[in-house]
Student: 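Here it is, the structure, as structure tokens.
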Amino acid sequence: MSLSASLKLPIEGMTCTGCASRLQTALNAIEGINAEVSFAAKSAEFTIDGSVDYDGTLKSILMLIEQKGYKTASSPEDDVLNNSQSVAPSPTNKAPHDSQTKTQELLLEGVTCASCVSKIEKALNALPDVQQAQINFALRTASITGDVETETLIKTIEAAGYNAKSTDNASDETLLDEKEKADQKYYRQLILQVWIGLGLGIPLMAYGLLGGPMTVNSPIERGVWLVIGLICAAVMYFAGKHFYLGAWKSFVNHNANMDTLIALGTGTAWLYSMIVVIYPLALPEMARHVYFEATAMIIGLINLGLALEVKARGRTSEAIQRLIGLQPKTARVIRDGNDIDIAIEQVLLNDLVRVRPGECIPVDGIVNEGKTTIDESMLTGEPMPVKKSQGDEIVAGSINKSGSIIFKATRVGKDTALAQIIKMVKRAQNSKPPIGRLADIIASYFVPVIMIISITSALVWLNFGPEPSIAFAVVSATTILIIACPCALGLATPMSVMVGVGKAAEAGVLIRNGEALQNASKITTMILDKTGTITLGQPKVTDIYRVNSMDENQILQLVASLEIGSEHPLAEAIVESANERGLQTDKVEHFNAIAGQGVEGIVGDKGLFFGNQKLMVEQGISVNKEAQDVSLKMAGEAKTPMFFAIDGELAAVIAVADPIKEDSISAIKRLQKNGIRVVMLTGDNQATAKAVAQKVGITDFFAEVLPDEKSKKVAELQAQGEIVGMTGDGINDAPALALANVGFAIGTGTDVAIESADITLMRGSLHGLADAISVSKATLRNIKQNLVGAFIYNAAGVPLAAGILFPFFGLLLNPVIAGAAMAFSSLTVVSNANRLRFFKPQDH
């Protein structure tokens, strides 16, 4: 008897419970293991069957974990093999499965730069029950996954020096309205502060540029500059108080952020100027220069940059605004025989709802009476209206075009498809792609490093600079602090992700997270399941070739009776064909589905087998040459031949054809044109697979693939160094979708497939697949542009501010110029991200 072995490995790199779920599904596709992955414990526990090679299986596990982008034990593979314990599996050793995980969203206040983001994330992730905390600097929101009380989260954020409030029990529309009002109020406040700062700074700067002395060399000058200094102090209070309060909170919490740099920079300039005014004789005559204009101008310019950023940032949430705007505020329900208009929140499950032509569908439901056409383009990106009649599903947010219908509400409130789409889009916009984590790492060290550079520069000027060295030191230190504020760095990734995810949603593509958004741009091989992906998934019976004396109806009645309990699309085609002929099905007994082969059962007193040729071989049922030739001819016509046997003898060959989607060929050409290798997977026989592949222009395909072999094909291609995308719509596609670098689910498919996928295509067209990859590439390109711009800006700005050009050209950067550059760097990043709003995938 072979004993099972258990093993526990640490897993690094998981960012959410979804990562753990998908990794667990992928691992369980490996033969001979049972895996449970825990995000909370950051580990995976395995039971390895004694019938498989232990070392080989473990190597497969390690390779798969690495392929999915995670890391396991820090020791080399051999150490893992040596240190792993082979013991009998025990239920008590299983990693806990967290089924109670919840995600909360908080609105943040006082978050001014990427350093703030790093500080808050670190504080929240340190809480024991927080599985993941992510901050969206662009939206000023925190998304926290874990079983933690809201009050605890808010107190933790407050302890870090910031403010937060919960969004619980508020609708998306209410939250959007609140955010818009808050942004408008903040914008008006900033504009007022701009006028206050520039109102003093511009006249003073103009005075200096026109030759006016900015020095203190007489009692009159001393008195005038003292008044101006006090006015400047008032400007600092009324226009820049938020910078100084933020800096103080950061100091109290042993942190440093953008406010710290601005407060130190402007505060140093003002303080030095006041020393010049009050104690002019304590400084050399050449050093008696005041910088009140720099203090006022910097505060005004930075506030102007923030105001312009707020204005531009509002455009990035247009996708969410449009989605939220799709849902009407009222619905017309039928109660006690009367039509009444009620608030959308009051619609109940199973309510009968009436919708007239031109009206918006308020909730999800099933048509009860009437016929119409529905425009679902705002949800799926599909421009053509869809015909709907009794029994068809309709979704909230779509538009009733022609007829009047009555439907029964099946999903209301936050359970509607539209609400779930909004939730998924918001979650994706809050997530970070791997490339964005580089900015987070840099930002966590950025401000302290800049402060050190500023102090070092000041000391160098004091000790080695020309006279007045103290003035040069102050200017250099102040300019470095101002020009290096990491706003642009913090905005670089989230702004692009927000716009990119929203743009994808407009095309009917729902992206689960930032990692999927990034990885989709790297795909080298795309695997397409045939049925329901390349084809319509609506097969029809086309031929019945009889081997014995039974007529077609008798054969079809028996086969339909056998298949009545099966969910396979081919079974549905058989049953539908029998219904069209008015044939009654009989009771089936001892029904059994044989994976990858077909089905068996007893109808009446007849033992029936129905499936592919492999099933006939396995059951020892002879297939004569004529039937063989007929099946090959059917397969060559892109039909699927299936063999039907009664009591151990072949009775018929039945052909089912699944039409190819109209636009599959053009969509596949788009993928190939972009350099992506397209591979087709199908359980069909070789001849049928070849015929379909040839029709759609695919040269690489795998036929007669069993459901549990699909994930192995994914692993094989990954082992060849390919970045693999997998597209499917069925339950049997779920393991392969989870294992692929990026899984794409056809939105018209099963919920299990959608849950296992990284990206969902709301329409059935493969053009959505090509659109998703195009948007991914455009978004990643935009992120790189933003990051490179932010890095280059700071890399070039800091040395200039330190005075690197002074020894060669006698140039030292003015703090006012630094303030303007810092303010407009953020605006540049936001504007560049907004260019994505005009991106259009290549024509179909």
Side-chain angles (χ1 to χ4, degrees), residues 169-177 320-425 505 508 510 537-538 564 567 572 575-576 579-580 746-752 754-755 760 762-764:
N169 302 319
S171 67
D172 291 317
E173 188 173 9
T174 301
L175 288 174
L176 192 62
D177 287 343
I320 285 289
Q321 291 173 345
R322 277 195 288 268
L323 286 171
I324 292 174
L326 293 178
Q327 190 164 2
K329 291 181 171 56
T330 61
R332 183 174 291 105
V333 300
I334 303 173
R335 291 181 181 170
D336 299 326
N338 298 317
D339 287 10
I340 57 172
D341 290 334
I342 61 174
I344 194 73
E345 296 82 9
Q346 297 175 343
V347 179
L348 304 176
L349 282 176
N350 299 320
D351 264 344
L352 290 179
V353 184
R354 188 189 301 277
V355 182
R356 294 177 296 196
E359 293 182 339
C360 186
I361 307 296
V363 295
D364 294 358
I366 296 176
V367 177
N368 200 50
E369 293 180 24
K371 294 181 180 180
T372 188
T373 55
I374 301 287
D375 179 1
E376 298 177 341
S377 60
M378 63 288 297
L379 298 175
T380 66
E382 186 65 57
M384 294 299 294
V386 182
K387 292 182 180 179
K388 301 288 184 179
S389 57
Q390 187 174 4
D392 289 335
E393 291 188 5
I394 55 176
V395 293
S398 53
I399 305 296
N400 183 31
K401 298 292 289 184
S402 54
S404 178
I405 57 171
I406 296 174
F407 72 91
K408 183 172 72 172
T410 56
R411 287 190 294 266
V412 299
K414 293 186 177 181
D415 294 327
T416 64
L418 177 59
Q420 293 301 311
I421 290 171
I422 293 171
K423 181 180 178 181
M424 183 178 285
V425 171
L510 301 183
Q538 299 170 356
I564 192 71
E567 296 180 352
E572 293 179 13
V575 175
E576 184 179 339
N579 290 336
E580 288 174 356
I746 301 295
T748 53
T750 66
D751 292 340
V752 175
I754 293 172
E755 187 61 31
T760 300
M762 289 301 292
R763 51 179 169 156

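Positions are given from 1 along the sequence.
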Student: How about Val353 and Pro362: do any of their side-chain heavy atoms sit closer than 4.5 Å?
Tutor: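 Yes - at least one pair of side-chain heavy atoms lies under 4.5 Å apart.
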
Student: Donor-acceptor check, side chain of Lys388 to backbone of Glu393, threshold 3.5 angstrom: yes or no?
Tutor: yes

Student: Identify the two heavy atoms, one from Ser389 and one from Lys371, that lie closest to each other, and give their separation to 0.1 Å.
Tutor: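 In terms of heavy atoms, the two residues are closest at CB-CG, 3.8 Å.
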
Student: Looking at Glu359 and Arg354, what are the two nearest heavy atoms and their distance?
Tutor: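 Of all heavy-atom pairs spanning Glu359 and Arg354, the closest is OE1-O, 4.3 Å.
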
Student: Can you check whether Thr373's main-chain N or O pairs, donor with acceptor, with Ser402's side chain at less than 3.5 Å?
Tutor: yes

Student: Which distance, rounded to the nearest 0.5 Å, do you find between the OG1 of Thr372 and the CG of Asp392?
Tutor: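 Output value for this atom pair is 11.0 Å.
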
Student: Which heavy atom of Asp364 sits nearest to which heavy atom of Ala396, and what is that distance?
Tutor: OD1-N, 2.8 Å

Student: To the nearest 0.5 Å, what is the distance between CD1 (Ile394) and CD1 (Ile361)?
Tutor: 4.0 Å

Student: Can any side-chain N or O of Asp375 pair as donor or acceptor with the backbone N or O of Pro385 at less than 3.5 Å?
Tutor: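 Not a single qualifying donor-acceptor pair exists.
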
Student: Taking atom CD1 of Ile342 and atom CG of Asp351, what is their separation to the nearest 0.5 Å?
Tutor: 6.0 Å

Student: Please report the interatomic distance CZ(Arg356) to CD1(Ile405), rounded to the nearest 0.5 Å.
Tutor: 13.0 Å

Student: If you round to the nearest 0.5 Å, how far is NZ of Lys329 from SG of Cys360?
Tutor: 11.0 Å

Student: Which pair of non-hydrogen atoms, one from Ala331 and one from Ile344, has the smallest distance, and what is that distance?
Tutor: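 Minimum heavy-atom contact is CB-CD1, 4.3 Å.
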
Student: Quick check on Glu580: does its CD atom have over 12 non-hydrogen neighbours (other residues, nucleotides or ligands) under 6.0 Å away?
Tutor: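 Correct, the count exceeds 12.
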
Student: Can you check side-chain contact (heavy atoms from CB on, under 4.5 Å) on Val333 and Ile340, steps first, answer last?
Tutor: CA-CA 6 Å; Val333 300; Ile340 57 172; 3.6 Å; yes

Student: Could you tell me whether the side chain of Asn350 reaches within less than 4.5 Å of the side chain of Lys408, counting heavy atoms only?
Tutor: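 Heavy-atom side-chain distance check passes, below 4.5 Å.
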
Student: How close do Phe407 and Val355 get, counting heavy atoms only, and between which atoms?
Tutor: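 Nearest pair, atom of Phe407 first, then Val355: CE2-CG2, 3.4 Å.
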
Student: To the closest 0.5 Å, what do you measure between CZ (Arg335) and CG (Leu352)?
Tutor: 10.0 Å

